[in-house]
Amino acid sequence: MNDPINKTLTVPLNAIDAFALFTKDMDTWWPKDPFSVKGANSKVTFPDHKNGDIIETAEDGTVNIWGTLIAYEPRKYLAFSWHPGRDPEEATKVTVAFTETEDGTRCDLTHGGFDILGDTADAVSTSYLRGWDMVLGCYASAAKMPVVA
């Protein structure tokens, strides 16, 4: 399964809050156990500008770069390279579009570019097909509850 993965969900937030939850507040909802490099007690930081890195920091201070922000348009769109636990040369690409609707905000996620992974492309894309369901489920759950900083 090397085709791009497409996932859509609607969260009960306006586009400003849906975008902020996905980016600025990613550490509050991302399921680090099992979807992290540094473990459940690490911290995930999402940049607020193009060319910034998505960083996971372990308890001991070591870091892993998950990807780099390629496009950043608050409330509307973001795109980033994606390579948690892999070399940047093996990065795939994730885009997320945020569209406000009368029910909240529709979030359209596309994850593609798996061909760069060669012989492992099928296995990796198949794992992300299921993985994004869990990750986006955590995002949707967090959207239903206020973020308390």
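Numbering starts at 1 and runs along the sequence shown. Atom set for the values below is all heavy atoms of this structure, side chains included, hydrogens, waters and symmetry mates excluded.
- Residues Val96 and Val94 have side chains in contact (heavy-atom distance under 4.5 Å, counting atoms from C-beta outward).
- Residues Trp29 and Phe22 bring their aromatic ring centres within 6.0 Å.
- Trp132 pairs by the side-chain hydrogen bond (donor to acceptor under 3.5 Å, both in side chains) definition with His111, not counting sequence neighbours.
- Among residues two or more places apart in sequence or in another chain, the side chain to side chain contact (heavy atoms under 4.5 Å, CB included) test is passed with Glu59 by Asn41.
- With sequence neighbours left out, the salt bridge (charged side-chain N to carboxylate O under 4.0 Å, His left out) criterion links Asp48 to no other residue.
- Nearest heavy atoms, Gly39 versus Ser36: N-OG, 3.0 Å.
- In this structure, CG in Asp3 is found 9.0 Å from CG in Asp115, a value given to the nearest 0.5 Å.
- In this structure, Ser42 OG and Ile55 CD1 are separated by 12.5 Å, a value rounded to the nearest 0.5 Å.
- Taking the salt bridge (charged side-chain N to carboxylate O under 4.0 Å, His left out) definition, one finds that Lys93 meets it with nothing, sequence neighbours left out.
- Side chains of His83 and Ile54 form no contact here, defined as non-hydrogen atoms less than 4.5 Å apart.
- In this view, Ser127 satisfies the side chain to side chain contact (heavy atoms under 4.5 Å, CB included) rule with no residue, not counting sequence neighbours.
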>> Does Thr28 form a side chain to side chain contact (heavy atoms under 4.5 Å, CB included) with Leu21? I'd like the steps, not just the answer.
In response: CA-CA 8 Å; Thr28 66; Leu21 179 62; 4.1 Å; yes
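- Summarising the geometry of Thr92 relative to Gly113, their closest heavy-atom pair is CG2-O, 3.7 Å, with the distance given to 0.1 Å.
- Using a distance-only test at 3.5 Å, with no hydrogens or angles considered, a donor-acceptor pair links the side chain of Thr126 to the main chain of Asp122.
- For the pair Leu78/Thr95, no side-chain contact is recorded, criterion being any heavy-atom separation below 4.5 Å from C-beta on.
- Contact record, Arg86 with Ala91: NH2-CA, 4.5 Å, taken as the closest heavy-atom pair.
- Every residue was checked against the side-chain hydrogen bond (donor to acceptor under 3.5 Å, both in side chains) condition with Asp103, not counting sequence neighbours, and none meets it.
- Scanning all heavy atoms of the two residues, the minimum distance from Val11 to Cys107 falls at CG2-SG, 4.2 Å.
- Smallest separation of non-hydrogen atoms from Thr110 and Pro4: CG2-CB, 4.0 Å.
- The side-chain hydrogen bond (donor to acceptor under 3.5 Å, both in side chains) search around Lys43 returns none, not counting sequence neighbours.
- Considering only heavy atoms from C-beta on, Val44 comes within 4.5 Å of Lys32 through its side chain.
- A donor-acceptor pair under 3.5 Å is formed between the side chain of Asn14 and the backbone N or O of Asp17.
- Qualifying salt bridge (charged side-chain N to carboxylate O under 4.0 Å, His left out) partners for Lys7, counting only residues two or more places apart in sequence or in other chains: Asp133.
- Taking both residues in full, the closest heavy atoms of Leu117 and Glu90 are given as CD2-O, 3.4 Å, listed atom of the first, atom of the second, then distance.
- The stretch residues 35-54 participates, sequence neighbours left out, in these ring pair (Phe, Tyr, Trp, His ring centres under 6.0 Å) pairs: Phe46-Phe80.
- In this structure, the side-chain hydrogen bond (donor to acceptor under 3.5 Å, both in side chains) partners of Trp82, at least two apart in sequence or on a different chain, are Tyr128.
- Residues meeting the side chain to side chain contact (heavy atoms under 4.5 Å, CB included) test with Asn51, sequence neighbours left out: none.
- Remark: the backbone N or O of Phe19 is paired with a side-chain donor or acceptor of Thr23 at under 3.5 angstrom.
- Residues Phe114 and Val135 are members of one and the same hydrophobic cluster, defined by side-chain heavy-atom contacts under 4.5 angstrom among Ile, Leu, Val, Met, Phe, Trp and Tyr.
- In terms of hydrophobic clustering, with Ile, Leu, Val, Met, Phe, Trp and Tyr side chains grouped at heavy-atom distances under 4.5 Å, Leu136 and Leu129 are assigned to a common cluster.
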Kindly list each side-chain donor-acceptor pair under 3.5 angstrom involving residues 64-77, sequence neighbours excluded, with atom names and distances?
unit_1, atom_1, unit_2, atom_2, d
Trp66, NE1, Glu56, OE1, 2.8
Thr68, OG1, Asp53, OD1, 2.7

>> The test is side chain to side chain contact (heavy atoms under 4.5 Å, CB included); show your working for Thr8 and Arg106 and say whether it passes.
In response: CA-CA 7 Å; Thr8 298; Arg106 188 181 74 237; 3.5 Å; yes
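- Panel note: side chain Glu100, backbone Thr105; no donor-acceptor pair is recorded below 3.5 Å.
- Follow the hydrophobic side-chain contacts under 4.5 Å out from Ile16 and you never reach Leu13; the two are in separate clusters.
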